[in-house]
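The structure appears below as structure tokens.
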2 protein chains.
Amino acid sequence: MARTQGSHSDITGPRVREAALRLFAQHGYAAVSMRKIAGEVGVQAGALYKYTPDKQTLLFDLMRTHLEDLLAGWDAVAPKGAALDVLEAFTRFHIRFNTRRADAVFVSYMELRNLVPENFDIIEGLRRDYETRLEAILRRGVAEGRLAVAEPRITAMALIAMLTGINTWFRAQGRLSLAEVEALYWDMVRRTVAGAA
Amino acid sequence: MARTQGSHSDITGPRVREAALRLFAQHGYAAVSMRKIAGEVGVQAGALYKYTPDKQTLLFDLMRTHLEDLLAGWDAVAPKGAALDVLEAFTRFHIRFNTRRADAVFVSYMELRNLVPENFDIIEGLRRDYETRLEAILRRGVAEGRLAVAEPRITAMALIAMLTGINTWFRAQGRLSLAEVEALYWDMVRRTVAGAA
DNA sequence: GGTTTATCTGAACACGCGTTCAGATCAAGG
DNA sequence: CCTTGATCTGAACGCGTGTTCAGATAAACC
């Protein structure tokens, strides 16, 4: 059954990252040892170093991958129409994307302080890029005369905080479906930024 | 200068809690050792056990105290008038209170997973109490016909997430004063929940 | 001024940490 | 079928962990 030594393994790498992500989300980076991650995968701790140079880089790569996927995911689905329509698409995309990757979202936010400064700057840059995507939508809506937003940057961060907060309570098997949550939050987002007209 | 042994000290207790709160916020509970906390206070690690039975209880007491202060603080200033006025007061109170205690807010949210289940339940109960305060305001506003909120509980959590998110970017010496931030966010809160009239 | 007593030190305990590496193992290539 | 080489083991390294406790210290009380 469980192969022991010498086994080539294209699947150990992904399994290491999955286990690390889940354990980091559950217990926190500092509280999870390389031995615990290895135990989840079914190998000894030393074997992990075939897949990451060290624990810090393992964390950093998980966060970077998540944020790059987030940016690429939005860029892939972002429509071209009026700002209000783009904003609705952004809202729904954010909710769908983040509720499906709760562990990665959690880790990418909670473990920032465990990054060495060099890695922290990169992750913060990616996060700023995402905020800037939303900020640009808001600015365009203001230019179009359809949105009333005095401080687009701050409103962008407020909306992202509101939307990401869904992860603290949303459960796929809960009372509300994802579609209902999307509708509820899109209504709140729209009212927060919509112009008087 | 630095007193060594035998010194009675009514001030060591608070200093321990202050140092622990700051270090927990900065590096995370698991990454901060009792020796580091003791070093900040200027004592040996063993001396901390005069002020807390163990590290877990030190964390728990910091979180419990923060949330009890939050609830007591709101109850002390909560006005009695129309729901919309109470909501404005809540918004401004939340912003003022939380920006002044960024470390405690951060720790009380980020370190939940490091609480033993018994302590977790207590902290979660206090947090629910706070959410319920806001939910009740929204429900009353709906009853008064002044607010349009389909899901008061979820809207309450959405607004709290939005408001607490201020802590991720607000700096007292920044471009916007606290009064300006209050005004900006009250405007967003009002638009999110205000009825058509 | 002597006694009391809360406070703090400093060493110890058993244990887990991240990381390294020589050697064992076994799937794949010729 | 034999060789190659990637993969993994298992032990080791030095160090830091939370917690305990006997003994040293000095402020407070009579």
Partner residues of V181(A) under the side-chain contact (heavy atoms from CB on, under 4.5 Å) criterion, sequence neighbours left out: I95(A), I166(A), W169(A), F170(A), L176(A), Y185(A)

Rounded interatomic separation in angstrom, taking NZ from K55(B) and P from dT17(D): 8 Å

5' precedence on DNA chain C between A47(A) and V32(A) (nearest-nucleotide basis): V32(A)

Touch class at under 4.0 angstrom, heavy-atom based, for V41(B) against every strand present: nothing

Member of V149(A), T155(A), V193(A), L159(A) meeting the side-chain contact (heavy atoms from CB on, under 4.5 Å) criterion with M188(B): T155(A)

Spacing between I11(A) atom CD1 and dC8(D) atom C1', to the nearest angstrom: 14 Å

Contacts of D85(A) that satisfy side-chain contact (heavy atoms from CB on, under 4.5 Å) - sequence neighbours left out: A82(A)

Below 4.0 Å: OP1/OP2 of dC8(D) and any side-chain N or O of Y51(A): yes

Interatomic distance where CD1 belongs to I37(A) and C1' belongs to dG18(C) [whole Å]: 11 Å

Nearest heavy-atom neighbours spanning L184(A) and A150(B): CD2-CB, 4.2 Å

Selection from dC8(C), dT17(D), dC8(D) that lies nearest to any side-chain heavy atom of R35(B): dT17(D)

Gap between atoms CG and C1', on L59(A) and dG18(C) respectively (whole Å): 15 Å

Rounded distance (Å) that lies between atom C1' of dA24(C) and atom CD of Q44(A): 13 Å

Closest listed nucleotide, where the reference is the side chain of M34(A) and the choices are dG18(D), dC8(C), dT19(C): dT19(C)

ring-ring contact (aromatic ring centres under 6.0 Å, His included): pairs with one or both residues in residues 106-164 of chain A, sequence neighbours excluded: F90(A)-Y130(A), H94(A)-Y130(A)

Within residues 23-30 of chain A: residues closer than 4.0 Å to DNA chain C (heavy atoms): none

Side chain to side chain donor-acceptor pair (under 3.5 Å) partners of residues 30-41 of chain A, not counting sequence neighbours, each pair once: R22(A)-E40(A)

side-chain N/O S33(A) vs dC17(C) OP1/OP2, d < 4.0 Å: yes

Return a table of donor-acceptor pairs under 3.5 angstrom between the side chains of residues 43-50 of chain B and protein atoms on other chains or two or more places apart.
none

Sugar-phosphate only, base, or nothing, as touched by K50(B) at under 4.0 Å among non-hydrogen atoms: base

Of L48(B) and D54(A), the one whose closest DNA chain C nucleotide lies more 5': L48(B)

dC8(C) phosphate, OP1 or OP2, under 4.0 Å from T12(B) side-chain N/O: yes

